[in-house]
Amino acid sequence: MDIQFVKDLKAKNLKVTPQRVAMLNEIKENGHMDVDEIYLKIKEFYPSISLATIYKNIITLCEANILREVKAPTQKQKYELACDKHIHVVCEKCGKLEDLKIDTKKLEKLTATKSGYKIYDVSAVLIGICPKCSESM
């Protein structure tokens with residue numbers, strides 16, 4: 001059982017269950033996963049778990065800011081661990097979704113200045129063609 005996930009759940013006053021910790025471990029291992037992918041992985045360890053339980057836990061973990069939803073065009077919503085601010089790139093050919101670790105402070109400041117909003121988070125997906133798919137063109 002990942003001690004950091006136990007601490008994170010306890011810090012948010014959430015019950016620490018083996019299923020929740022297993023979900024977080026799978027997402028950590030795979031980076032970005034949709035609900036069906038999470039369900040299939042967790043079902044291997046907990047055969048009696050229902051899809052409804054997975055959905056409920058995802059909602060709870062997102063509300064607690066332990067998970068973050070990633071909305072990429074033409075794909076099911078995916079989930080990742082809510083950690084540092086970053087943007088995503090997605091390949092329009094193969095659907096590969098990757099984190100792009102860049103400093104978003106300038107973007108946040110520019111957006112706040114132009115919009116008047118108080119910016120507290122970043123969620124952006126850039127669309128293109130990955131190097132592997134580019135080679136085959």
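Note: hydrogens, waters and symmetry copies are ignored here, and every other heavy atom, side chains too, is used. All of these numbers come straight from a predicted model, not from anything done at the bench.
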Side-chain touch [X]/[Y], heavy atoms, less than 4.5 angstrom:
| X | Y | result |
| --- | --- | --- |
| L126 | H88 | no |
| L24 | K28 | no |
| T17 | L9 | no |

Sequence neighbours left out, what passes salt bridge (charged side-chain N to carboxylate O under 4.0 Å, His left out) with [X]? Give chain and number order.
| X | answer |
| --- | --- |
| K71 | E69 |
| E98 | K96 |
| E26 | none |

With sequence neighbours excluded, what pairs up with [X] under the side-chain contact (heavy atoms from CB on, under 4.5 Å) test?
| X | answer |
| --- | --- |
| K101 | D84, H86, D99 |
| A112 | I119 |
| L100 | I87, V89, I102 |
| K132 | C130 |

Rounded to the nearest 0.5 Å, how far does [atom2] of [Y] lie from [atom1] of [X]?
| X | Y | atom1 | atom2 | value |
| --- | --- | --- | --- | --- |
| I129 | E135 | CD1 | CD | 12.5 Å |
| F5 | L61 | CZ | CG | 10.0 Å |
| E80 | H32 | CD | NE2 | 4.0 Å |
| L81 | L67 | CG | CG | 6.0 Å |
| E29 | I27 | CD | CD1 | 11.5 Å |

Closest non-hydrogen atom pair, C133 against S136: O-OG, 2.9 Å
Determine the minimum heavy-atom distance between C83 and R68, stating which atoms define it. O-NH2, 3.6 Å
How would you list all residue pairs meeting side chain to side chain donor-acceptor pair (under 3.5 Å) that involve residues 104-125, not counting sequence neighbours? K85-E108, T104-E108
V16 with I42, same ILVMFWY side-chain cluster at under 4.5 Å: yes
Tell me, which pairs form a salt bridge (charged side-chain N to carboxylate O under 4.0 Å, His left out) where one or both residues lie in residues 6-20, sequence neighbours left out? none
Enumerate, atom names and distances included, each donor-acceptor pair closer than 3.5 Å involving a side-chain atom of residues 33-40, sequence neighbours excluded.
unit_1 : atom_1 : unit_2 : atom_2 : d
D34    : OD1    : D36    : N      : 3.0
D34    : OD1    : E37    : N      : 2.8
D36    : OD2    : K76    : NZ     : 2.1
E37    : OE1    : D34    : N      : 2.8
Y39    : OH     : K43    : NZ     : 3.4

Name every donor-acceptor pair, under 3.5 Å, that has one atom in a side chain of residues 44-56 and the other anywhere in the protein, sequence neighbours excluded.
unit_1 : atom_1 : unit_2 : atom_2 : d
S50    : OG     : T53    : N      : 3.1
S50    : OG     : T53    : OG1    : 2.9

Taking transitive links into account, so neighbours of neighbours count too, which hydrophobic residues share a cluster with V90 at under 4.5 Å side-chain distance? V70, L97, V125, I127
